[in-house]
There are 2 protein chains.
Amino acid sequence: MGTTEEIVRQMSQKGLRITEQRRTLVKLFDETSGYLTPKDVYEHMQQLYPGLSFDTVYRNLRMLLDMEVVEQVLFEDGVKFKLRCEEEHHHHHMICLQCQKTLPIRFCPMTGTDVPGDFQVVKHKFEVFGICGDCRETEVPGSAANEASSAGG
Amino acid sequence: MGTTEEIVRQMSQKGLRITEQRRTLVKLFDETSGYLTPKDVYEHMQQLYPGLSFDTVYRNLRMLLDMEVVEQVLFEDGVKFKLRCEEEHHHHHMICLQCQKTLPIRFCPMTGTDVPGDFQVVKHKFEVFGICGDCRETEVPGSAANEASSAGG
DNA sequence: GTCCTTGCAAATCGTTTGCACTTAA
DNA sequence: TTAAGTGCAAACGATTTGCAAGGAC
């Protein structure tokens with residue numbers, strides 16, 4: 001998407017040092033449309049940096065999280081990360097259970113929800129899980145339903 | 001609520017044995033309106049059964065989960081359990097960040113969501129987090145906002 | 001040269017397992 | 001009696017920490 005360099009610049013400005021690993025990590029997120037587990041990240045990076053250790057991955061993920069470059073989502077099978085949406089306006093997501101790609105949902109359910117006057121809303125979560133068009137084309141019948149039961153609620 | 005005995009009967013029917021601990025565990029959930037972490041459960045039970053071990057708590061929680069007596073929810077600060085809603089009809093929840101009590105939301109956002117034709121919806125999640133009326137009354141100003149940022153998204 | 005970043009090893013946290021002992025039915 | 005439940009200790013996977021060496025600026 002080309003935001004890699006912009007993010008790297010941001011890091012620089014914060015006084016953080018730009019190592020090759022960090023640049024690669026940012027690029028990885030920049031080029032990935034879906035969610036990545038720390039393990040995914042580790043496995044990808046390890047091919048390029050054989051000496052890589054897991055704690056460095058965790059440290060850098062946390063750094064990107066603190067910088068609000070990536071966002072963290074809890075799935076039933078673990079924590080996952082993806083680049084933060086550039087889209088400014090408040091929105092929600094449809095998440096593909098197969099490739100974990102996300103599609104924006106502009107509709108916000110809070111408009112239609114009847115909240116009791118004495119309940120002070122702090123935040124809300126609305127997520128739709130399913131199989132995206134691309135994945136349905138290449139799908140092996142039956143496999144999707146199985147996957148589905150082990151991911152997000 | 002008085003469902004304790006009914007659940008115990010169910011367990012009996014499945015061939016499970018009714019130990020004092022299990023009865024107490026069921027009663028604990030029956031009497032709790034909010035969510036409980038395994039640690040919460042352990043700490044409560046340990047007062048009555050000093051020799052209690054954590055693995056027994058986990059084993060019995062899983063048993064109640066398998067029996068569909070309790071449901072499990074992932075929060076940012078860990079897994080939590082509560083008695084399953086008796087309400088049959090599909091619904092969602094408003095969850096108090098302070099006492100973790102839940103209020104039902106009958107409105108389902110899926111009716112208003114525009115799903116692309118090629119996206120096959122498998123499941124969805126809609127949760128509202130905030131401070132309930134009871135907690136707002138006894139609230140120390142400022143503390144609620146802090147709590148909020150560390151729980152569900 | 002300074003201070004941040006890394007890898008390593010070890011610690012920690014939440015959860016699960018194997019095993020021998022106990023107990024509900 | 002006997003299969004299921006328990007506590008204990010140990011294993012486990014995910015994540016975090018302290019520390020000394022390496023690297024960005």
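Lettering follows sequence order; numbering is per chain, from 1.
- Protein chain B contacts DNA chain D over a range whose 5' and 3' limits, counting nucleotides with an atom under 4.0 angstrom from a non-hydrogen atom, are dA3(D) to dA9(D).
- Here the two rings, on Phe81(A) and Tyr35(A), have centers that are 6.0 Å apart or farther.
- At whole-Å resolution of the value, CZ in Phe54(A) and P in dT6(C) are 15 Å apart.
- Rounding to whole angstrom units, CZ of residue Arg59(A) and P of dT5(C) are separated by 10 Å.
- With rounding to whole Å, Leu52(A) atom CG is found 12 Å from dT5(C) atom C1'.
- Annotation: of the two residues near DNA chain D, Tyr49(B) and Gly78(A), the 5′-most nearest-nucleotide partner is Tyr49(B).
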Pair Lys80(B)-Gln72(B), side chain to side chain donor-acceptor pair (under 3.5 Å): steps then yes or no: CA-CA 6 Å; Lys80(B) 300 184 185 179; Gln72(B) 197 189 32; over 6 Å; no
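- Atom-to-atom, CD of Glu76(B) to C1' of dG14(C) comes out at 17 Å; the value is rounded to the nearest Å.
- For the residue pair Thr24(A) and Tyr49(A), a side-chain donor N or O sits within less than 3.5 Å of a side-chain acceptor on the partner.
- Across the protein-nucleic acid pair, Gln46(A) atom CD and dT6(C) atom P stand 15 Å apart, rounded to whole Å.
- For Thr19(A), a side-chain nitrogen or oxygen approaches OP1 or OP2 of dT6(C) to under 4.0 Å.
- Of the candidates Lys82(A), Lys125(A), Glu127(A), His93(A), Glu127(A) is the only one forming a side chain to side chain contact (heavy atoms under 4.5 Å, CB included) with Val73(A).
- A heavy atom lying under 4.0 Å from DNA chain C marks none of the residues of residues 35-43 of chain A.
- For Arg22(A), a side-chain nitrogen or oxygen approaches OP1 or OP2 of dT6(C) to under 4.0 Å.
- Taking atom CG on Asn60(B) and atom P on dT15(C), their separation rounds to 15 Å, with Å as the unit.
- Note: OH (Tyr58(B)) to P (dG14(C)) measures 7 Å, nearest angstrom.
- Mapping Gly51(B) and Arg17(A) onto DNA chain D via the closest heavy atom, the residue that lands nearer the 5' end is Gly51(B).
- Counting heavy-atom neighbours within 6.0 Å of Glu20(A) CD, excluding the residue itself, gives a total of 12 or less.
- Here Ser53(A) reaches the OP1 or OP2 of dG7(C): one of its side-chain N or O atoms lies under 4.0 Å away.
- The hydrophobic clustering, which links ILVMFWY residues whose side-chain heavy atoms are closer than 4.5 Å, places Leu61(B) and Leu74(B) together.
- By the 6.0 Å and 45° rule, Lys123(A) does not stack over the aromatic ring of Phe129(B).
- In this structure, Arg62(A) atom CZ and dC4(C) atom C1' are separated by 16 Å, rounded to whole Å.
- Taking the six-membered ring where tryptophan is involved, the planes of His124(B) and Phe126(A) are perpendicular, since the angle between them exceeds 60° and thus also 30°.
- The backbone N or O of Arg22(B) lies less than 3.5 Å from a partner atom in the side chain of Thr19(B), making a donor-acceptor pair.
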